[in-house]
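Notes follow the structure.
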Number of protein chains: 2
Amino acid sequence: MAASTLTEVARLAGVSPATASRVLNGSARKPGPDIAERVRQAAESLGYVPNAQAQGLAKSSSGLIGLIVHDIADPYFSAIARGVQEAAREQRKMVLLATTGGGPAEEKEAVAAFAARRADSIVIAGSRSRRPGDTEGNAELAAELDRYCRNGGRVAVVGHPVVGATAPEGYHVVQVPNQELAGQLATELAKDWDGKFVIIGGPEGLFTSDDRIRGFQEGLERAGRQPAEVLRNSFNRTGGFEAGLQLAARIKAEQSEGGEHTKLCIFAVNDVMAIGAAAALRAEGLRIPRDAAIAGFDDIETLRDFRPALSTVRLPLEEIGRIATRATGRPGGHSADQDKDHDQELEPAGTIRGEVTLRRSTEVAA
Amino acid sequence: MAASTLTEVARLAGVSPATASRVLNGSARKPGPDIAERVRQAAESLGYVPNAQAQGLAKSSSGLIGLIVHDIADPYFSAIARGVQEAAREQRKMVLLATTGGGPAEEKEAVAAFAARRADSIVIAGSRSRRPGDTEGNAELAAELDRYCRNGGRVAVVGHPVVGATAPEGYHVVQVPNQELAGQLATELAKDWDGKFVIIGGPEGLFTSDDRIRGFQEGLERAGRQPAEVLRNSFNRTGGFEAGLQLAARIKAEQSEGGEHTKLCIFAVNDVMAIGAAAALRAEGLRIPRDAAIAGFDDIETLRDFRPALSTVRLPLEEIGRIATRATGRPGGHSADQDKDHDQELEPAGTIRGEVTLRRSTEVAA
DNA sequence: AAGCAGTGGGAATGCGCTTTCCCGACCGGC
DNA sequence: GCCGGTCGGGAAAGCGCATTCCCACTGCTT
């Protein structure tokens, strides 16, 4: 038994499909109350469920929002996803999920799939990348996105614009002040900390990571410090852990030499990497912040009970998701449609404010 | 400019829409290579993206999998979501996300929405509940699900069957041995631990929580122990934290009395609650496992670096998601269509194996 | 009382695609 | 050389719904 159709409902109610449609699915024209009631009863008794695909076809809009993340199990993304979901609910839409692992090629596929489903808008949460191997993929992604926008789709991307996308109508960027905040973090840390700094970063070319590294270095410079050494690794716990092992070896070597006590202050470009690094140090018998300080970025909720409490930069992840989604919702959203001033930033879809949060892991007294 | 259509492609290629359809979207009939090439070129040059809605309408199947969770930002659910996503990819389908906060009423709406979108299958990851206020919602949810199945939809639910669902064709339950595993955990703990046990549980009526509580009590009984007191609270970190505060007060009172050293062993029915409880104890100046032992359930990945390392029960969350999704994929999946033996369990969609994992937080020497 | 706008309902068209059915061409076998 | 049998392509009928256009009818005005 296939699901019952509007036509069946109409027949049972003794009206035309047009009328049934008008009463069951919001239309400007409201049929008479008696008829409406009859139709509603018929629908009820048949267990009628409108076919959203057919509706979508007819009105060419699907009520779908596409969300692209690297990995939905990563707390960073799942927090954003929660915000997206919430905003989608406000707009009475559903969210379609795509996880890509971070490659532009897969992201392009995801965009194409969303376009195929005629998603009303797309939110790209995953960080942009311009690693050498990605140039072709990026170009394709940009082309796919441009096409999607040209066809009336709206897209919001968190962090950085897609490389090469020509920002047509309906393309929003939610600016995340990674660089600035990382700079502030560096400044704050430099106040109390007189030892050396080391950065554990993601692979080169990953914008989020690069911005945070650059910002941190700038902050260090403003504070009159030497630039920090940068250890690059994968952008997840494992990457942090491995870099942590390297650093642990180095710290232990220095300690056994005796003499200077220039404790290391480690900045991992995200919390998950920071936790990985901390685990590595601990596995090597080092303690935080006694033997080294460590700071992260994001202020992941699940990690807030971690001990020693992790110094980090609070990012309103959920709100980022909400803002990005809302930006794609209102047709009147600002997009950079003015060619003049194209040197300026795109009109931000919303202002994201983060906050440096110093906790135990970087306390100097230990 | 709206997206280009199959008809346009066909016209450009100088063939009929039927032929264009055959070459561009997998059909049994393969047109000649020269024609195929012409069509492909035309499609390419027009930037043709097939309209999945129209395809879905025509073949009445959407390539969509609906996933229902309480909260996508909860690591328990996001881990399952990752598995679902992965399995969906295998089936070349996309996942539609719905978060419900746990109420059957909202779950019913989500099912209806999925049904409207003609999702091929639905995976319900959220725990079932039979709290008093939910009976009506449960009935409606069951009715909606039954209708969905009757119309050819396939559903998999993690943990417990939906209360009142009459298991028609296509209804799968992924059994999670919560009770058994909680029992094993109790047994293991009882070996080394001779103090009292306390359980921090979720609200009464939440199946997952109730099963784990029941199992734990059984395990205790088998070990010849007194049943544990049960503190009920919300099923999240806050719930654990509040219960933890209560327990902390109690422990401190006992400690100041001096005398007996019957240390408490706390079992929180999930890791997130356990972390909350641990945070509360710590906030009250107590240490784990020195002043109290604590164990959780789920073995959430992000929490594995928590110190003291949390004793818990490892659940293959990601695989649970995969298995549930796969169960809905193959049309030949086992469903309980035999009325005889209806006293037996439904044919499990896959066997989930967990593992008791004892770590530092319940070490007796402290 | 005749003409009018306004109202409530139905017929029909189209959204973009799949698929069945049909038809012409081309093949080999007797 | 004629016929049954493919094979490759097109015409057309939906899939389930929204919506435009049209018509019959009501309740007014002049």
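Chain A is the first sequence line, chain B the second, and so forth, proteins listed ahead of strands; every chain is numbered from 1.
In this structure, A:Lys59 and B:Ser60 both approach DNA chain D, and ranking their closest nucleotides by distance from the 5' end singles out B:Ser60.
If you take CZ of A:Arg118 and P of C:dG16, they are 8 Å apart, rounded to a whole angstrom. If you take CD of A:Glu8 and P of D:dC15, they are 10 Å apart, rounded to a whole angstrom. Taking atom CZ of B:Arg38 as the reference point, atom P of D:dG8 lies 15 Å away to the nearest angstrom. One can place CG of B:Asn151 at 11 Å from P of D:dG16, the figure rounded to the nearest angstrom. Atom P of nucleotide D:dG16 and atom CG of A:Asn51 are separated by 7 Å, given to the nearest angstrom. Taking atom CG on A:Leu57 and atom P on C:dT18, their separation rounds to 11 Å, with Å as the unit. Rounded to whole Å, atom C1' of C:dT19 lies 16 Å from atom CG of B:Leu24. Regarding A:Leu46, its CG atom lies at a distance of 13 Å from the P atom of D:dG16, rounded to whole Å.
Classification of A:Glu90 and A:Arg322 as a salt-bridged pair fails, no side-chain N sitting under 4.0 Å from a carboxylate O. Remark: B:Arg147 engages B:Glu144 in a salt bridge, criterion side-chain N to carboxylate O under 4.0 Å. Using a cutoff of 4.0 Å between basic side-chain nitrogens and carboxylate oxygens, A:Arg82 and A:Glu319 are not scored as salt-bridged.
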Anything under 3.5 Å between a protein N or O and an N or O of nucleotides 8-10 of chain C, put it in a table, one pair a line.
residue: C:dG8; atom: N7; partner: A:Arg29; partner atom: NH2; Å: 3.4
residue: C:dG9; atom: OP2; partner: A:Gly32; partner atom: N; Å: 3.0
residue: C:dG9; atom: N7; partner: A:Arg29; partner atom: NH2; Å: 2.1
residue: C:dG9; atom: O6; partner: A:Arg29; partner atom: NH1; Å: 2.6
residue: C:dG9; atom: O6; partner: A:Arg29; partner atom: NH2; Å: 2.8
residue: C:dG10; atom: OP1; partner: A:Ser16; partner atom: N; Å: 3.4
residue: C:dG10; atom: OP2; partner: A:Ser16; partner atom: N; Å: 3.0
residue: C:dG10; atom: OP2; partner: A:Ser16; partner atom: OG; Å: 3.1
residue: C:dG10; atom: OP2; partner: A:Thr19; partner atom: OG1; Å: 2.4
residue: C:dG10; atom: N7; partner: A:Arg22; partner atom: NH2; Å: 2.9
residue: C:dG10; atom: O6; partner: A:Arg22; partner atom: NH2; Å: 3.2

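Counting all heavy atoms, side chain and backbone alike, A:Leu12 lies closest to A:Ser45 at CD2-OG, 3.6 Å.
For the residue pair A:Thr99 and A:Asp71, no side-chain donor N or O sits within less than 3.5 Å of a side-chain acceptor on the partner.
The shortest distance between the side-chain N/O atoms of B:Gln55 and the OP1/OP2 oxygens of C:dT18 is below 4.0 Å. When the side-chain nitrogen and oxygen atoms of A:Ser21 are compared with OP1 and OP2 of D:dA18, one or more of them lie within a distance under 4.0 Å. Considering only side-chain N and O atoms, A:Asn25 lies under 4.0 angstrom from the phosphate OP1 or OP2 of D:dA18.
In this structure a side-chain-to-backbone donor-acceptor pair under 3.5 Å is present from A:Tyr148 to A:Ala119.
To the nearest 0.5 Å, atom CG of residue A:Asp120 and atom CD1 of residue A:Ile65 are 7.5 Å apart.
Backbone-only contact: B:Thr5 has heavy atoms under 4.0 Å from sugar-phosphate atoms and none from a base.
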